[in-house]
Amino acid sequence: MTNSEISKILYEMAALYEMDGVQFKPRAYEKAALGVEALDQEVKEIHQKGGIKALEEIPGVGKGIAFHIEQILKRGSFAEYERLKKKTPIKISELTAVEGVGPKMVKILWQKLKVRNLADLEKAARAGKVRGLEHFGEKSEEKILKGIEFLKKSGGRAVLGFVFPEIRNLKKMIKNFPEVDDAVMCGSARRMKETIGDIDILATSFRPEKVMERFLGLPFIAHVYGHGPTKTNVRLKNGLDADLRVVPRESFGAAVNYFTGSKDHNIALREIAIKKGMKLNEYGLFRGKKIIAGRTEEELYKALGLRYIEPEMRENLGEIELARQNKLPELIGYGDLKGDLQVQTDWTDGENSIEEMAKAAMEAGLEYIAITDHTRSLAMTGGADEKKILRQMTEIDRINRSGKFKKFKILKGAEVNIMKDGSLDIDDKTLVRLDVVGAAVHSHFNLSREEQTQRLIRAMENPNVDIIFHLTGRIINKRAPIDVDIDEVIKAAKRIGTILEIDAFPDRLDIKDEYIQKCVEAGVKMSIDSDAHSVQHFKMLEFGVAQARRGWATKNDIINAWPLEKMRIFLK
DNA sequence: GCCGTTTTCGGCCCGACTGTTTTCAGTCG
């Protein structure tokens with residue numbers, strides 16, 4: 001039983017109780033499901049190590065649900081779940097995945113039409129049976145069919161870095177509407193999450209209806225889910241959903257805060273407001289009818305007794321407590337990188353020459369880069385052997401000496417391949433001559449956790465290895481991460497002095513934010529690299545910095561935010 | 001069912017929009 005299987009059952013319990021109109025239990029099960037989902041460790045392991053008591057430590061899990069989870073681990077189910085499933089033998093999560101269909105609708109559909117799953121629902125709606133039900137009509141039937149259609153088409157969440165330019169563009173267009181004072185990107189895009197489910201944009205205007213009219217008139221809107229005077233919800237032609245909300249200027253800060261989330265962070269803020277005898281909503285912070293704060297986010301946090309919290313940290317994972325104690329870390333800034341330690345060129349699978357990459361990096365505001373082409377065992381990329389590396393080193397020396405790039409410095413490096421047993425595919429007497437050696441896994445993704453962990457640690461123990469590139473090898477929405485014991489790897493990195501990379505490429509973002517936070521805690525240094533394969537790719541560094549900020553990293557944690565000399569001394 | 005600056009009982013975030021019905025429950029974020 002994996003964590004996601006367990007949380008799925010808990011979510012289902014929430015929906016089943018919701019169907020029956022049970023109070024509060026649905027929220028409790030949802031919270032527990034979220035708690036399980038967010039875990040870094042397998043519930044199974046937690047239970048093996050600490051039994052039922054350890055399960056109660058999971059956020060949102062108390063005595064009752066801990067017992068249920070134990071039962072799930074032992075026999076895949078528990079009594080109350082079976083009882084409810086027997087009463088309503090339907091695929092509830094499949095049905096509620098349809099936009100606009102919730103537990104209460106599912107209940108009626110089941111009782112009146114014996115709808116058990118998505119196929120049943122589609123059949124019933126197509127046959128025109130849904131419109132005859134009480135509280136349903138033609139429109140709800142149509143909406144259900146459209147919802148099913150969308151569900152079949154949509155591929156889940158989009159990789160932020162790939163759609164970011166489109167979001168910025170949309171925001172800009174809205175900001176340019178004559179009736180709009182200001183418009184900002186909110187939601188998970190503002191928190192710079194790896195992936196986003198939809199686009200949230202907030203605008204201020206005294207003529208919201210007019211703004212909505214213009215928004216609906218944009219050429220790339222495919223479908224309108226709903227629209228009112230202050231809120232409109234659409235599907236764009238690129239397949240993404242977008243929400244536009246308009247508020248008056250005096251509520252801007254409160255609305256930005258509400259619309260940015262995360263939901264958990266917002267709920268925690270509202271609870272603080274309640275405890276202080278106030279009320280927080282998207283229009284402001286109120287005591288009675290009197291508005292206390294709301295124009296800016298800064299004054300809102302201040303009125304709640306908190307320091308301003310950067311959007312990337314707003315996940316209710318301890319940041320609020322730090323803000324209360326004035327102990328928030330000073331996050332690395334978006335302009336803080338001075339170098340890039342993973343760059344590919346046309347010597348292997350990159351598109352541009354060393355000089356072109358250097359020029360582009362310099363224009364992106366960097367002071368140094370390391371050229372790290374692939375090595376020989378990656379035959380498909382034309383990986384370099386020792387001879388080719390030596391030739392490239394000579395070439396880099398020549399360019400550095402030419403004075404063409406003034407103070408800008410090109411470092412000699414390689415992305416060497418970690419073999420199945422943890423050995424490297426380039427000999428040590430060549431590696432020792434390089435400025436930056438990154439080692440990476442490109443094959444044997446399916447070894448056991450034990451083997452994979454030992455393999456990585458063996459590579460790290462090679463004294464010539466400076467950095468582990470894209471440690472887990474995951475590709476978001478495409479390839480699962482390798483199975484490693486991250487705590488063991490971080491412990492080894494601390495002992496050996498290995499740097500762990502944050503690969504900034506939008507569908508890698510490897511290592512992920514939780515692991516970054518672990519590195520920060522352990523004092524393990526990291527680098528943020530673009531993994532650029534063309535001159536266009538240096539702009540991806542932004543997403544690497546975002547990932548680092550989401551992991552609460554400061555400038556001190558990231559070696560290529562340091563000046564060249566300091567960084568080089570550290571590498572040695 | 002969970003949880004504690006309200007602390008072992010009594011609360012549990014808040015508001016916009018929709019569709020159907022005619023005052024509001026359901027859904028969503």
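A note on names: the letters A, B, ... follow the listed sequences, proteins ahead of strands, and every chain is numbered from 1.
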Can you tell me how far [atom2] of [N] sits from [atom1] of [X], to the nearest Å?
X	N	atom1	atom2	value
A:Lys143	B:dC28	NZ	P	7 Å
A:Leu269	B:dG29	CG	P	21 Å
A:Leu216	B:dC17	CG	C1'	14 Å
A:Lys31	B:dG11	NZ	C1'	12 Å
A:Met105	B:dG26	CE	C1'	7 Å
A:Glu99	B:dG26	CD	P	18 Å
A:Glu271	B:dC3	CD	C1'	10 Å
A:Glu30	B:dC13	CD	P	12 Å

Closest listed nucleotide, where the reference is the side chain of [X] and the choices are [options]:
X	options	value
A:Ile267	B:dG1, B:dG15, B:dC13	B:dC13
A:Glu282	B:dG1, B:dG15, B:dT21	B:dG15
A:Arg270	B:dC14, B:dG29, B:dG1	B:dC14
A:Ala28	B:dC2, B:dA16, B:dT27	B:dC2
A:Lys263	B:dG1, B:dG15, B:dC13	B:dC13
A:Pro229	B:dC17, B:dT27, B:dG15	B:dC17
A:Lys139	B:dT20, B:dC14, B:dG29	B:dT20
A:Phe24	B:dG26, B:dT21, B:dG1	B:dG1

Would you say a side-chain N or O of [X] is under 4.0 Å from OP1 or OP2 of [N]?
X	N	value
A:Lys231	B:dA16	no
A:Tyr283	B:dA16	yes
A:Lys279	B:dG15	yes
A:Asn266	B:dC13	no
A:Thr230	B:dC17	yes

Under 5.5 Å centre to centre and under 30° between planes: does that hold for A:Phe136 and the six-membered base ring of B:dT20?
no
Here the gap from A:His265 atom NE2 to A:Asn257 atom CG, rounded to the nearest 0.5 Å, amounts to 5.5 Å
- Is A:Arg190 paired with A:Asp200 through a side-chain N to carboxylate O contact shorter than 4.0 Å? no
Mind checking if A:Lys275 touches a base, just sugar-phosphate, or nothing, with heavy atoms under 4.0 Å?
base
Checklist entry - How is A:Val98 classified with respect to the nucleic acid when contacts are heavy atoms under 4.0 Å: base, sugar-phosphate, or nothing? => result sugar-phosphate
Distance between [atom1] atoms of [N] and [M] (Å, rounded):
N	M	atom1	answer
B:dT27	B:dT20	C1'	14 Å
B:dG10	B:dA16	C1'	30 Å
B:dT8	B:dG15	P	29 Å
B:dG11	B:dC17	P	32 Å
B:dC2	B:dC13	P	16 Å
B:dC12	B:dT6	P	13 Å
B:dC9	B:dC14	C1'	25 Å

Sorted by chain and number, sequence neighbours left out, ring pair (Phe, Tyr, Trp, His ring centres under 6.0 Å) with A:Phe78 holds for A:His68, A:Tyr81
Neighbour count >12 (heavy atoms, 6.0 Å) for atom NZ, A:Lys107: yes
Closest non-hydrogen contact found for A:Trp552 with A:Gly318 is CH2-C, 4.0 Å
Short side-chain to backbone donor-acceptor contact, A:Ser251 and A:Ala254, under 3.5 Å = no
Using only heavy-atom distances, decide whether a donor-acceptor pair under 3.5 angstrom links the side-chain of A:Tyr258 to the base of B:dG15. no
Check for me whether the distance between the ring centres of A:Tyr17 and A:Phe24 falls short of 6.0 Å. no
Walking DNA chain B from its 5' end, the first of A:Glu321 and A:Ala97 to be reached, judged by nearest nucleotide, is A:Glu321
B:dT8 -> Watson-Crick or G-U wobble partner, both distances under 3.5 Å, gives none
